[in-house]
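Both ligands and their constituent atoms are indexed starting at 1 by order of listing.
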Amino acid sequence: MRPSLFRPSSRLSAIGISEILKITGLAAELKRQGRNVIVLGAGEPDFDTPDHVKEAASRATQAGATKYTALDGTPELKAAIRAKFERDNGIAFAQEEITVTAGAKQVLFNAMMATLEPGDEVIIPTPYWVSYADIALIAGGKPILVPCQEANGFRLVADDLARAITSRTRWVMLNSPSNPSGTAYSQADYRPILDVVVDHPHVWLMVDDIYEHIVYDNFRFVTPVEIEPALRDRTLTVNGVSKSYAMTGWRIGYGAGPSALIRAMAVVQSQSTSCPSSVSQAAAVAALNGPQDVVQERCRSFQARRDFVVAALNRIEGISCRVPEGAFYTFAGCAGLIGRTTPGGQRIESDTDFAEYLLRSVGVAVVPGSAFGQGPFFRISYATSDSELKEACARIAYATSRLS
Ligand code: PLP
């Protein structure tokens with residue numbers, strides 16, 4: 001056999017195939033075999049982009065918005081983003097403190113590429129969105145995972161953060177509401193954490209607010225710079241239109257931070273995508289400047305689904321699920337099922353085994369908590385129809401009742 005000519009860079013060697021891909025791969029295979037599979041893994045709203053946003057994009061195309069734009073965002077979109085920060089968060093950013101990218105993920109990517117030296121540490125509370133660690137690794141950094149206990153609502157404890165900080169710490173990642181736990185931080189939750197960061201002037205904060213508008217029970221969303229203006233000079237606030245406005249495919253994210261950081265991030269962007277999509281930027285202007293009631297309306301639907309799923313899961317013996325404050329995920333514990341045996345005689349040793357059992361026995365795809373750095377849990381995305389959620393919860397209850 002001829003040796004393969006392809007040799008991936010060592011940069012990629014630290015990034016394994018995620019558990020999410022394993023489960024979604026198996027789900028796809030079962031579907032191909034004709035099985036009825038309900039996938040509760042989507043990281044995007046099942047709603048469509050609002051009509052007024054689509055119409056703005058059509059108009060922009062007709063008006064010739066089909067060329068390269070300014071490197072890190074059109075002046076119109078930067079103005080809309082600045083207005084959004086003033087309206088929603090009471091923070092006034094200057095135009096040179098704003099960057100626009102192809103999705104919020106690229107904000108994180110540009111920032112880490114622009115700042116990390118080999119071995120620089122990025123503190124990531126777990127359970128966490130896996131991209132934080134993988135992007136840090138690609139950029140040569142070292143993810144430092146800090147476990148957060150369910151008993152504390154999966155929130156970071158300030159003392160744990162203080163212990164994790166070293167002279168190599170460059171960034172601390174914060175994400176509220178969180179993917180995967182749905183946990184959101186109130187002002188009181190944030191305060192002790194921000195005090196620790198204030199006390200360590202070499203440490204910067206990367207705050208991922210992408211689920212800002214998906215919060216329930218009148219939870220008041222806050223972002224760290226709003227609470228602690230002293231951290232403004234070393235915080236990158238990350239957000240985007242993907243989740244709030246059901247615009248995942250349009251690929252528009254944005255960041256706000258010190259202008260020197262924003263300029264360095266623009267250098268990275270200049271040699272990757274050159275600029276975000278012109279049409280998508282026009283659409284994002286319409287989303288941010290247009291009527292916001294559609295966001296609240298959809299949030300009410302998500303809340304009804306959250307209430308249904310959490311109640312249904314908590315009725316199942318062996319499963320327990322805290323009530324998340326936001327996002328569209330539940331992160332349920334399955335510790336009570338570890339050690340039980342499937343009708344086929346297999347022992348459930350981990351959340352991965354449980355997720356695989358659910359998929360093979362009743363055709364429900366959930367993501368094991370270990371994919372987010374914390375087991376034994378599993379994540380359900382309830383960004384899917386009420387009827388599918390009802391059917392999926394009934395199947396999970398049935399499959400669990402057959403464990404002995
Ligand atoms: N941050 C979190 C916590 C996410 O869950 C996601 C998407 O799943 C993103 C950022 C990425 O958002 P975007 O699609 O705008 O790149």
Open item on the list: Taking ring-ring contact (aromatic ring centres under 6.0 Å, His included) as the criterion, tell me which of Phe372, Phe354, Phe154 meets it with Phe377.
Closed with: Phe154
Open item on the list: Treating Asn289 as the side-chain partner and Ala286 as the backbone partner, does any N or O pair qualify as donor plus acceptor under 3.5 Å?
Closed with: no
Open item on the list: Give me the nearest non-hydrogen protein atom to atom 12 (O) of ligand 1 as residue plus atom name, then the distance to 0.1 Å.
Closed with: Ala104 CB, 3.7 Å
- [ ] Salt-bridge test for Glu297 and Arg300: reply yes if a basic N is under 4.0 Å from a carboxylate O, no otherwise.
- [x] no
- [ ] Give a yes/no verdict on whether any heavy atom in Asn175 is under 4.0 Å from an atom of ligand 1.
- [x] yes
TODO: Using a strict cut-off of less than 4.0 Å between a Lys/Arg side-chain nitrogen and an Asp/Glu carboxylate oxygen, indicate whether Arg234 and Glu228 qualify as a salt bridge.
DONE: no
- [ ] May I ask you to list the atoms of ligand 1 that are less than 4.0 angstrom from any heavy atom of Tyr132?
- [x] 3 (C)
Open item on the list: Just checking Lys84: does its NZ atom have more than 12 heavy atoms from other residues, nucleotides or ligands closer to it than 6.0 angstrom?
Closed with: yes
Task: Heavy-atom nearest neighbour of atom 16 (O) of ligand 1 within options Met247, Glu44, Arg251 - done: Arg251
TODO: Heavy-atom contacts with Ser242 under 4.0 Å: which atoms of ligand 1 show up? List them by number with element.
DONE: 13 (P), 14 (O), 15 (O)
Task: atom 9 (C) of ligand 1 - nearest protein heavy atom and its distance - done: Trp129 CH2, 3.3 Å
- [ ] Identify which one of Asn89, Asn239, Thr223 satisfies the side chain to side chain donor-acceptor pair (under 3.5 Å) criterion when paired with Asp209.
- [x] Thr223
- [ ] Measure the distance from atom 8 (O) of ligand 1 to every protein heavy atom, then report the residue, atom name and distance (to 0.1 Å) of the closest one.
- [x] Lys243 NZ, 2.7 Å
TODO: Begin with the C-alpha distance, continue with both residues' side-chain angles, and end with the deciding distance and a verdict on ring-ring contact (aromatic ring centres under 6.0 Å, His included) for Tyr185 and Phe219.
DONE: CA-CA 9 Å; Tyr185 287 68; Phe219 183 90; 9.4 Å; no
TODO: Give the atoms of ligand 1, by number and element, whose distance to some non-hydrogen atom of Gly103 is under 4.0 Å.
DONE: 15 (O), 16 (O)
- [ ] Specify the protein heavy atom at minimum distance from atom 3 (C) of ligand 1: its residue, its atom name, and the distance to 0.1 Å.
- [x] Asp208 OD2, 3.3 Å
